[in-house]
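Structure record follows, encoded as structure tokens.
Nothing fancy with the numbering, it's 1 onward along the sequence. Note that these values count all heavy atoms, side chains included, but never hydrogens, waters or copies made by symmetry. We count ligands from 1, going down the list as the structure has it; atoms in each ligand are counted the same way.
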Amino acid sequence: MTIVLGAIADDFTGATDLANNLVRSGMRCLQVIGVPGTDLDVSEVDAVVVALKSRSCPADEAVADSLAALAWLQAQGAQQFFFKYCSTFDSTARGNIGPVADALMERLGVTQTVMVPAFPVNGRTVYQGHLFVGDRLLNDSGMQHHPLTPMTDADLVRVLASQTPHPVGLVPRPVLDQGAETTRQHLAALAEQGVRHVICDTLDEHDLDVLAEACEAMPLVTGGSGLGQALPDRYRRLGWLDEIAEPGRLQPASGSALVLSGSCSRATLAQVAHFLKRHPGFSLDPLALAESDAQLQAALDFARDTLKSGGPVLVYASADPEKVKAAQARLGVERAGQLVERALGQLAATLVSEGVGRLVVAGGETSGAVVSALKLNTLRIGEQIDPGVPWTQAHLESREAPLSLALKSGNFGGVDFFTRAFEVLP
Ligand SMILES: Nc1ncnc2c1ncn2[C@@H]1O[C@H](COP(=O)(O)OP(=O)(O)OP(=O)(O)O)[C@@H](O)[C@H]1O
Ligand SMILES: O=C(O)[C@@H](O)C(=O)CO
């Protein structure tokens, strides 16, 4: 058995988001953490999403990790490859979207790919190459304050052009409006001009369907999880998939309930405030973490004590842009982030070993740190809590029952996400 789709995601919440949409569109999908060994059995799945932590690391590391993931997915016989990045096109000054896309294209020997970050159900749309979050341009959406990948330009053609030596083109909405064949012709005309990367306007699900059809023959597609919603139907029409798979059911959850948040996005800040009105929480400060381990120990004591009642309890470093900037000015951007990620990872490892069995993590980098600290290998996808965020389950050597885990992208989820997540968990 070979897989149909092999995906490489540049962070862990993004990987879960894509896997969730593939499952909800009827594919059997497994999420793996990092590049797996040769012994992983994928005979029961149609798609594998390899979760990397390659969004904000140096570009050459991101390229090396992505190529390793590609080689593994090629060995599983994938018929199409998907490079998943954020629906808000999160990039550092050097990439990593451009360098990784270039490297994957070169390795696959392809001369063109599409760039489809939109996720309309979560308000991410693209028009005239400009990315909107709800009714705001990207650079006015809160993403301009992101601690690691501040997005200060909504013009994706311009953003991508600064990350690749190759020309960047656009599929504008009027072309999409005329259907998949016209879109394919437009892409072919751009290819003749040497345009390798094509940013695609997308306003709604219908546009995603047109794009999925227009790029069905492309070995590599790139984008957000919205495109993942549309691809499985194409695969069924092409005869690559036989049927609509029912999403698998997770085992009943057990253990106490913990939320760890390192996301400083607007949505997360509102979710933290909402949670704290109802349940206990402990705030971490990178400046204190830099001084000694005293605050980490205090957080651990607090969590242990409050978890006696089963939780939920929240430990968070989430802070408003002024506080984040102040910490970064003192510690440097990288160190501030690392201190928080290390602390939340250590808390997760300790508290899960002591009985936490239901864990929500907010933030992609944060999720990467927590999942790595827990040494998880694979995640099974379960019930969706909010668009883009499902419950997942993972097996740990130290626990008989599986760990129920939700990895929430920074800007996803309703204001009551941290409390409702536990209510919808079977
Ligand atoms: N108070 C703080 N000061 C400085 N940095 C912080 C603070 N709190 C969290 N961070 C760092 O900010 C970064 C937030 O990134 P993360 O990817 O976890 O969240 P996000 O970007 O909102 O989520 P996503 O990538 O899913 O959209 C992390 O590296 C985290 O350690
Ligand atoms: O696409 C998104 O917005 C999310 O899946 C994500 O990548 C957040 O890190």
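- In this structure the side chain of His279 reaches within 4.5 angstrom of the side chain of Thr419, judged on heavy atoms.
- Residue Gly413 comes nearest to Gln271 through the heavy atom pair O-NE2, 2.9 Å, listed as atom of the first residue, atom of the second, then distance.
- Counting atoms of ligand 1 from 1 in the listed order, those under 4.0 Å from a heavy atom of Ser409 are 26 (O).
- Between Ala51 and Ala15 the shortest heavy-atom distance is CB-CB, 3.6 Å.
- In Thr88, neither the side chain nor the backbone holds a heavy atom less than 4.0 Å from any atom of ligand 1.
- Atom 19 (O) of ligand 1 has Gly363 CA, 3.4 Å as its closest protein atom, hydrogens excluded (heavy atom only).
- Under the side-chain hydrogen bond (donor to acceptor under 3.5 Å, both in side chains) criterion, Glu106 pairs with no residue at all, not counting sequence neighbours.
- Counting the atoms of ligand 1 from 1 in the order shown, those under 4.0 Å from a heavy atom of Pro286 are 1 (N), 2 (C), 3 (N).
- Checking only distances, Ala336 never comes within under 3.5 Å of ligand 1, N or O to N or O.
- Taking atom 9 (C) of ligand 1 as the reference point, the nearest protein heavy-atom neighbour is Gly262 O, 3.0 Å.
- Of all the heavy atoms in Ile3 and Gly6, the pair that sits closest is CD1-CA, 4.2 Å.
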Next on the checklist: Walk me through whether Thr2 and Gln76 qualify under side chain to side chain contact (heavy atoms under 4.5 Å, CB included).
Outcome noted: CA-CA 6 Å; Thr2 56; Gln76 313 313 314; over 6 Å; no
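- Heavy atoms of Lys323 found under 4.0 angstrom from ligand 1: none, in either backbone or side chain.
- Between Phe119 and Phe412, the gap from one ring centroid to the other is short of 6.0 Å.
- Where the criterion is an N or O separation shorter than 3.5 Å, residue side chain and backbone included, Ala317 meets it with respect to ligand 1.
- Ligand 1 has a nitrogen or oxygen under 3.5 angstrom from a nitrogen or oxygen of Gly337.
- The closest side-chain donor-acceptor pair between Thr149 and His146 falls under 3.5 angstrom.
- Heavy-atom proximity to Gly364, at under 4.0 Å, picks out these atoms of ligand 1: 16 (P), 17 (O), 18 (O), 19 (O), 23 (O), 24 (P), 25 (O), 26 (O).
- For ligand 1, the polar-atom distance check finds an N/O of Thr366 within less than 3.5 Å of one of the ligand's N/O atoms.
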Item to check | Audit row: Asn377, Val32, side chain to side chain contact (heavy atoms under 4.5 Å, CB included) steps and yes/no | outcome: CA-CA 6 Å; Asn377 296 323; Val32 298; over 6 Å; no
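- Looking at Ala319 against ligand 1, only its side chain comes within 4.0 Å, counting heavy atoms.
- Of all protein heavy atoms, the one lying nearest to atom 29 (O) of ligand 1 is Glu341 OE2, 2.6 Å.
- The pair Arg173-Asp201 does not count as a salt bridge, with every side-chain nitrogen at least 4.0 angstrom from each carboxylate oxygen.
- With a 4.0 Å heavy-atom cut-off, ligand 1 is reached by no atom of Leu339.
- At least one N/O-N/O distance between Gly410 and ligand 1 falls below 3.5 Å.
- By the 3.5 Å distance cut-off applied to N or O atoms, Asn411 is not counted among the residues near ligand 1.
- With respect to atom 25 (O) of ligand 1, the closest heavy atom belonging to the protein is Arg55 NH1, 3.3 Å.
- Checked against a 3.5 angstrom limit, the closest N/O atoms of Lys408 and ligand 1 fall outside it.
- Protein heavy atom in closest approach to atom 22 (O) of ligand 1: Ser263 OG, 2.7 Å.
- The shortest N or O to N or O distance between Ser318 and ligand 1 is not under 3.5 Å.
- Ranking the protein heavy atoms by distance from atom 20 (P) of ligand 1 puts His146 NE2, 3.6 Å first.
- Ser141 pairs by the side-chain hydrogen bond (donor to acceptor under 3.5 Å, both in side chains) definition with nothing, not counting sequence neighbours.
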Checklist entry - Are Phe81 and Phe83 close enough, and set up right, to give a ring-ring contact (aromatic ring centres under 6.0 Å, His included), and what steps lead you there? => result CA-CA 7 Å; Phe81 299 92; Phe83 170 32; over 10 Å; no
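- Of the protein's heavy atoms, Glu365 N, 2.7 Å lies nearest to atom 17 (O) of ligand 1.
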Item to check | Criterion side chain to side chain contact (heavy atoms under 4.5 Å, CB included) on Thr202 and Leu211, from CA distance to verdict | outcome: CA-CA 9 Å; Thr202 314; Leu211 284 166; 3.6 Å; yes
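- With no hydrogens or angles considered, no side-chain donor-acceptor pair links Glu216 and Tyr235 at under 3.5 Å.
- At a 4.0 Å heavy-atom cut-off, ligand 1 touches Pro147 through the side chain alone.
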Item to check | Step-by-step side chain to side chain contact (heavy atoms under 4.5 Å, CB included) determination, Thr16 to Val389 | outcome: CA-CA 7 Å; Thr16 311; Val389 200; over 6 Å; no
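- Applying the side-chain hydrogen bond (donor to acceptor under 3.5 Å, both in side chains) criterion to Arg358, with sequence neighbours excluded, gives no partner residue.
- Between the side chains of Gln384 and Arg24, at least one donor-acceptor pair of N or O atoms lies under 3.5 Å.
- Atoms of ligand 1 found under 4.0 Å from any heavy atom of Thr13, numbered from 1 in the order shown, are 26 (O).
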Expected rows: ligand 2 N/O, protein N/O, dist below 3.5 Å:
unit_1	atom_1	unit_2	atom_2	d
ligand 2	1 (O)	Lys84	NZ	2.9
ligand 2	1 (O)	Ser87	N	2.8
ligand 2	1 (O)	Ser87	OG	3.4
ligand 2	3 (O)	Ser87	N	3.3
ligand 2	3 (O)	Ser87	OG	2.5
ligand 2	5 (O)	Asp17	OD2	2.6
ligand 2	5 (O)	Lys84	NZ	3.0
ligand 2	7 (O)	Arg55	NH2	2.7
ligand 2	7 (O)	Lys84	NZ	3.1
ligand 2	9 (O)	Asp11	OD1	3.4
ligand 2	9 (O)	Asp11	OD2	2.7
ligand 2	9 (O)	Thr13	OG1	3.2
ligand 2	9 (O)	Arg55	NH1	2.8
ligand 2	9 (O)	Arg55	NH2	3.4

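- A 4.5 Å side-chain heavy-atom check between Val100 and Thr222 finds every atom pair outside the cut-off.
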